[in-house]
Amino acid sequence: MKRIIILGATGSIGRQALNIISRHPESFMVAGLSAHHDTDGLLEAAELYGTRQTCLSGSRSNLVRYSGSEGLLTLIRDTDADMVLNAVAGADGLAPSFEAIRSGKDLALANKETIVMAGRLVMEAAQVLGTKIVPVDSEHSAIFSMVERFGASSLKSVIITASGGAFRDYPLEKLATVTPADALAHPTWNMGAKITVDSASMANKGLELIEASRLFNLDPDRINVVIHPESRVHSFIRTLDGSLYAQMSRPDMRIPILNAFSWPEYIEESVADMDPTDIAMHFYNPDLKRYPLLGLAFSALADGEGACTAYNAANEVAVEAFMREQIRFPGIYDIVAGTLDTNFQSRLDDIDAVMAVDSMARTMAESIVKEHQ
Ligand code: NDP
Ligand code: MG
């Protein structure tokens, strides 16, 4: 029986994780839960899954055991558990990831920001402390399970697949007038708001290629991105002999969540079974004019750790501004590109250095948002 703490339990990943635990009560149990503001959602889940280890990280409440961002770290530290699923949205997920590693718990990692901001530091800490990081992001889960089978030394390169998001087939000139509601209409995946907007701009794929580079120790020239509208192949790996291997299922995040929970075993589940005769699959190269944030992520990766942290921070600020209708959709790129005009350090030695770049990039991005209004 694996005891699992779920951070961000009221979100898209968090709820699917709870569903997986319900489907496999003989294998997993909830050891603790967090939400940011959604008290009702948190208490309902706590009751249903029988835990009193609850934290509301964004508000104070007498109805839960821990509150605030320090409370979230205490929940992780003080709860008897084998694994932490980090399904917090955004840069605030970084500190909880470190706390999970520091307290000797394995980390099922949906919060890709952790790896984009501080991948090398997090991976080094996990190695020193003997904890495992298992990715939940579907592309990285796919690559992870193939690399586990073939061995890292057989890996030549990876190809990350992308749906192309809500605007894949829009005329380019219409992108200046799309609304937040248009961006939230994802063709294949049902996810939280921020990541859905990032799918439309492909900043999500930008974050994911940085994530892949850090998780699997790959230089940028060993990572490629292809558009695959059907979202059945979750990524490819190319082995040294040139063969391509793919992992496929219907698009359902419960599979990567389950595989992270059950690692290193596989357990029986059929929610995303697919039949290859059901669907014709297509693959093509992304147009960087449509998705300039993807090209920018490759440049940030080449520039180093500071640029990657700044890319994430500036994009979070820009997406919030777009959601509040302060800027237009193409403005997201302008804000991230404007922020990355500054030279950031290529190596960030500790978390303080990471947080300093994060906050500097946010300030810069916010001032560019003001110029755009
Ligand atoms: P959601 O917005 O649906 O859920 C976010 C969860 O985190 C909620 O429980 C929310 O609580 C909580 N939360 C929000 N802000 C904070 C904060 N500042 N500190 C602590 N907790 C917070 O997001 P998703 O589930 O879509 O995504 C979560 C993470 O997983 C992201 O990093 C995303 O990139 C990644 N991911 C998501 C995928 C998906 O399919 N959704 C796929 C691959 C990766 P409350 O409800 O109270 O606001
Ligand atoms: Mg993904």
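For the single chain, residues carry numbers from 1 onward in sequence order. Remember, it's 1-based here, ligands and their atoms both numbered in the order they're listed.
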Problem set entry | Spacing of CG belonging to Leu94 relative to CG belonging to Asp358, to within rounding of 0.5 Å | 8.5 Å
Problem set entry | Numbered atoms of ligand 1 (with element) below 4.0 Å of Gly192, judged on heavy atoms | 3 (O), 26 (O), 41 (N)
Problem set entry | contact_flag Gly14 ligand 1 heavy-atom lt 4.0 Å | no
Exercise. Angle at the Mg ion (ligand 2) between OD1 of Asp137 and OE1 of Glu139, to 10°?
Worked result: 100°
Exercise. Any idea which atoms of ligand 1 are less than 4.0 Å away from a heavy-atom of Ala87?
Worked result: 5 (C), 6 (C), 7 (O), 28 (C)
Exercise. Considering all heavy atoms of both residues, which atom of Arg290 and which atom of Tyr170 are nearest to each other, and what is their separation?
Worked result: NH1-O, 2.6 Å
Exercise. How is the N/O/S atom of Glu208 that comes nearest to the Mg ion (ligand 2) named?
Worked result: OE2
Exercise. At a non-hydrogen distance cut-off of under 4.0 Å, which region of Glu113 contacts ligand 1 (side chain, backbone, both, or neither)?
Worked result: side chain
Exercise. With sequence neighbours left out, what residues match Phe329 under ring pair (Phe, Tyr, Trp, His ring centres under 6.0 Å)?
Worked result: Phe167, Phe322
Exercise. At what distance, to the nearest 0.5 angstrom, does CG of Leu107 lie from CE of Met83?
Worked result: 7.5 Å
For this session: For a side chain to side chain contact (heavy atoms under 4.5 Å, CB included) with Ser199, tell me which candidate from Lys194, His186, Lys205 qualifies.
Result: His186
For this session: Any chance you could lay out the side-chain contact (heavy atoms from CB on, under 4.5 Å) test for Ile210 and Ile115, step after step, and finish with the verdict?
Result: CA-CA 8 Å; Ile210 298 168; Ile115 298 291; over 6 Å; no
For this session: Give the residue, atom name and distance (to 0.1 Å) of the protein heavy atom nearest atom 38 (C) of ligand 1.
Result: Ile13 CD1, 3.4 Å
Problem set entry | Closest candidate by heavy atom, reference atom 29 (C) of ligand 1, pool Thr114, Leu85, Val88, Val116 | Val88
For this session: For ligand 1, indicate whether the residue Ala193 contacts it via side chain, backbone, both or neither (heavy-atom separation under 4.0 Å).
Result: neither
